[in-house]
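Residues take their numbers from the sequence shown, with the count starting at 1. Both counts, for ligands and for their atoms, begin at 1 and track the order of listing.
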Amino acid sequence: MSKPDFDEIIDRVGTHSQKWDGMEKYYGVSPEDGIAMWVADMDFRPPTCVQRALEDMVAQGIYGYWGGDDEYRAAIQWWMRERHGWEIEPDWIFTTHGLVNGTALCVDAYTDPGDAVVLMTPVYHAFARVIRAAGREVRECPLKLVDGRYEMDLDAWDGLMTGAEKMLVLCSPHNPGGRVWTRAELEATAAFAKRHGLVLVSDEIHHDIVMPGETHIPMANAAPDLPLVMMTATTKTFNIAGTHTGNVIISDPDLRARFATRMSALGISPNSFGIAMATAAYSPEGAAWVDELNAYLDENRRIFDQGVAEIPGLHSMPLEATYLAWVDFSGTGMEPEEYKSRVLKDAKIAVNFGATFGAGGEKFLRFNLATPRARVREAVDRLQAAFSDLQ
Ligand SMILES: Cc1ncc(COP(=O)(O)O)c(C=O)c1O
């Protein structure tokens with residue numbers, strides 16, 4: 001494998017990139033001189049093995065119905081064993097149109113209109129969107145800020161349960177807090193789901209992007225006896241989110257049958273491009289690329305955190321996983337409109353607003369660090385200039 005060049009600046013403007021082509025519309029930041037640090041995709045090409053899979057399809061040039069997914073299932077099985085120490089069976093796997101779709105299907109399969117779904121907030125915003133759109137309630141359980149990072153507050157959350165809750169969506173590792181949950185935290189979450197009769201859905205889409213020294217534990221390994229739904233994907237890991245291909249992995253026969261019924265009722269079947277790219281990605285070449293990627297992101301995180309720490313009142317949560325920095329602006333004493341305006345208009349950086357992640361996110365902004373290092377440095381310089389009066 002040739003060494004990936006994550007420093008290469010690849011112009012994505014005008015390529016239907018949501019992150020770059022949507023920044024003006026959503027944030028008023030021009031892509032001409034702005035930096036896109038919002039949507040969670042990366043400004044890097046995937047590994048060569050993934051590109052090759054697509055090139056082979058293009059070279060043949062016929063794009064008919066896909067058949068025969070043994071190789072794809074075996075590749076997922078291999079990856080989960082090799083990278084996560086998790087044993088799965090090929091027939092536990094469903095291929096959805098990504099994990100927002102996977103979450104929505106779980107809502108459909110395991111809850112009824114009027115039921116509530118538990119979220120530990122702040123958390124990835126699309127969970128609440130699909131839950132509410134399906135006529136279910138969101139039960140927000142606020143994470144606790146302890147020494148500048150998030151911890152669960154399960155004893156307090158017991159008191160928030162009303163009996164209407166039927167499902168819990170866990171984000172592991174956590175977006176936007178960057179936490180890799182410990183075994184004890186995962187076990188406590190499983191016990192919480194059990195005592196409240198909740199179907200536990202563990203979204204582990206960020207499980208491969210874990211910083212050196214941290215180990216992600218699949219919920220299925222932390223709670224081997226609990227029937228649950230596991231969700232993973234190649235899309236974040238390999239930067240192929242446009243393929244909209246996700247793995248929903250269910251070992252429990254009853255939960256699996258209910259999920260299969262919804263898939264069938266909605267006529268969901270996989271996309272050939274996503275399957276081909278995912279099969280190629282889950283390989284030794286893909287694994288070596290992910291190791292290089294994580295080392296690169298670790299250095300981006302170090303540079304960003306150090307630069308942000310030099311601005312009085314700003315605190316970037318220590319990232320244990322993901323490439324999404326979660327920055328607390330509460331120490332500036334400014335109202336959100338003030339610091340948002342400085343970031344968007346003065347620094348010209350498009351970021352996600354914390355309030356969209358639910359209760360507890362209001363004083364935060366989320367910065368995507370999966371971009372060439374020169375851009376991360378530039379973003380730090382611009383932030384320091386935009387808040388220079390605080391020095
Ligand atoms: C926790 C989490 N789940 C799901 C997704 C998106 O999944 P997909 O693109 O497969 O629908 C994201 C994207 O940022 C995410 O952070």
Practice item. Please name all residues satisfying side chain to side chain contact (heavy atoms under 4.5 Å, CB included) with Val146, sequence neighbours left out, ordered by chain then number. Key: Lys144, Glu151
Below 3.5 Å only, please: the N or O atoms of ligand 1 paired with protein N or O atoms, distance on each line.
from     : atom 1 : to     : atom 2 : distance (Å)
ligand 1 : 3 (N)  : Asp203 : OD2    : 2.6
ligand 1 : 10 (O) : Leu99  : N      : 2.7
ligand 1 : 11 (O) : Leu99  : N      : 3.2
ligand 1 : 11 (O) : Val100 : N      : 3.0
ligand 1 : 14 (O) : Lys236 : NZ     : 2.9
ligand 1 : 16 (O) : Asn175 : ND2    : 2.7
ligand 1 : 16 (O) : His206 : NE2    : 2.7

**Study point:** Distance (rounded to the nearest 0.5 Å) between Ser341 OG and Asp346 CG
**Key:** 5.5 Å
Could you pull out every donor-acceptor pair under 3.5 Å between side chains of residues 158-165 and any protein atom, sequence neighbours left out?
from   : atom 1 : to     : atom 2 : distance (Å)
Asp158 : OD1    : Arg195 : NE     : 3.1
Asp158 : OD1    : Arg195 : NH2    : 3.2
Asp158 : OD1    : His196 : NE2    : 2.7
Asp158 : OD2    : Arg195 : NE     : 3.4
Asp158 : OD2    : Arg195 : NH2    : 3.2
Thr162 : OG1    : Arg139 : NH2    : 3.3
Thr162 : OG1    : Ala164 : N      : 3.1
Thr162 : OG1    : Glu165 : OE2    : 3.1
Glu165 : OE1    : Thr162 : N      : 3.0
Glu165 : OE1    : Gly163 : N      : 2.9
Glu165 : OE2    : Arg139 : NE     : 2.6
Glu165 : OE2    : Arg139 : NH2    : 3.1
Glu165 : OE2    : Thr162 : N      : 3.0

With a cut-off of 3.5 Å and sequence neighbours excluded, list every side-chain donor-acceptor pair involving residues 216-233.
from   : atom 1 : to     : atom 2 : distance (Å)
His216 : NE2    : Glu204 : OE1    : 2.8
Asn221 : ND2    : Gly85  : O      : 3.0
Thr232 : OG1    : Asn247 : ND2    : 3.0

Practice item. Quick one: closest heavy-atom pair of Leu344 and Ile349, and the distance? Key: CD2-O, 3.2 Å
Point to revise | Quiz item: cation-pi between Lys166 and Tyr110, 6.0 Å / 45° | key: no
